[in-house]
Amino acid sequence: MGEISAALSNVLNNENGHVVGGPRKSCWYEEEIDNDLRWCFALNSILHTGATQYQDIQLLDTKPFGKALVIDGKLQSAEIDEFIYHECLVHPPLLHHSNPRSIFIMGGGEGSTSRELLRHKTVDKVVMCDIDEEVVEFCKSYLEVNKEAFSDPRLDLIINDARAELERREEHYDIIVGDLADPIEGGPCYQLYTKSFYEFIVKPRLNQGGIFVTQAGPAGIFSHTEVFSCIFNTLKQVFKYVVPYSAHIPSYADTWGWVMASDTPFVVSVDELDQRIKQRINGENRYLDGKTFTSASTLSKAVRNSLNNETHVYSEGNARFIYGHGRHNQA
């Protein structure tokens with residue numbers, strides 16, 4: 001779980017750059033990645049800390065990564081590099097679809113996923129469904145970069161459980177995006193990574209040629225076996241075509257993974273991806289283009305072997321979790 005701690009340094013630099021004696025007190029954020037591994041960085045200030053009905057929440061002003069949103073002790077996004085995560089989550093499925101017009105987001109409360117989706121000129125409607133209204137309102141207030149997205153008339157913001165909302169709705173969507181919190185034990189949404197959910201709730205709500213994409217947790221050389229490989233294998237049981245891909249995100253201190261799935265093959269070339277980016281997306285991507293996606297979807301030998309040999313299928317009774325624990329057991 002993430003913790004904020006005071007650390008004492010042994011030296012202090014004066015204005016001339018010389019070392020002078022005496023301790024300096026610094027505030028540090030520390031996240032426990034595993035029993036024997038912690039990741040920490042210095043803070044300028046703590047902007048907010050609190051708890052909602054579902055989750056603990058912190059907004060930190062960090063020295064290396066700018067503003068950082070932390071939920072249930074896990075860093076969700078940081079100002080300096082969140083564009084990597086959100087461009088990778090959003091643009092590959094939309095660019096592989098011939099004409100994406102209607103989108104449903106599961107989660108996405110901070111608004112960055114909506115921001116990237118709404119850059120696409122073809123998109124007529126984005127439904128963002130997040131269970132935690134307090135987190136959404138908090139992000140509306142504090143994350144200036146997403147204010148325009150939250151006020152876009154194409155965005156329909158719903159506060160509800162994503163499973164219940166998809167079951168209730170009769171509409172079908174070209175793209176469904178899983179921008180959910182990581183599956184942690186006691187967290188609010190690990191049930192939304194299961195085979196039954198994908199098969200009976202998500203897939204029936206996709207239009208012909210529709211694409212589902214989800215964030216899929218750590219995908220590093222050692223960490224990918226936590227949940228990335230089994231999310232990939234679980235989606236393979238439901239969809240004909242499944243593409244895993246990954247990218248390094250500095251503030252996560254790891255490589256991160258996504259998986260997109262469809263019953264229509266993914267056959268768009270590098271040049272066509274670049275052409276669609278130019279024609280369809282307002283503004284410049286900072287991270288993703290055709291070659292970058294080709295690289296991202298070319299996994300290392302070790303990770304490919306793990307994914308090919310994975311047998312675990314994610315279910316509520318046989319779930320896997322990344323390291324950590326949520327405050328609540330509600331879904």
(message) To the closest 0.5 Å, what do you measure between CZ (R38) and CD1 (I33)?
(response) 10.5 Å
(request) State which residues pass ring-ring contact (aromatic ring centres under 6.0 Å, His included) with H48; sequence neighbours excluded, sorted by chain then number. (result) F138
Where the side chain of [X] meets the backbone of [Y], is there a donor-acceptor pair that is under 3.5 Å apart?
X	Y	result
E79	K67	yes
S45	L47	no
R154	V126	no

(message) Minimum heavy-atom separation for D182 and Q215, please, with both atom names.
(response) OD1-NE2, 2.9 Å
(message) Can you give me the closest heavy-atom contact between S306 and H224, atom names plus distance?
(response) OG-NE2, 2.8 Å
(request) Apply the ring-ring contact (aromatic ring centres under 6.0 Å, His included) test between Y198 and each candidate in F239, F212, Y314; give the one that qualifies. (result) F212
What I want to check is whether the side chains of [X] and [Y] have a donor and an acceptor closer together than 3.5 Å.
X	Y	result
E87	H91	no
N285	R119	yes
T122	N99	no

(request) Indicate yes or no: does R115 engage D179 in a salt bridge with an N to O separation below 4.0 Å. (result) no
(message) Tell me every residue that passes side-chain hydrogen bond (donor to acceptor under 3.5 Å, both in side chains) with S223, counting only those two or more places apart in sequence or in another chain.
(response) D254
(request) Can you tell me which residue pairs pass the salt bridge (charged side-chain N to carboxylate O under 4.0 Å, His left out) test with a partner in residues 279-289, sequence neighbours excluded? (result) none
(request) Using the side-chain hydrogen bond (donor to acceptor under 3.5 Å, both in side chains) rule, pick out the option among K240, Q208, K203 that qualifies with D263. (result) K203
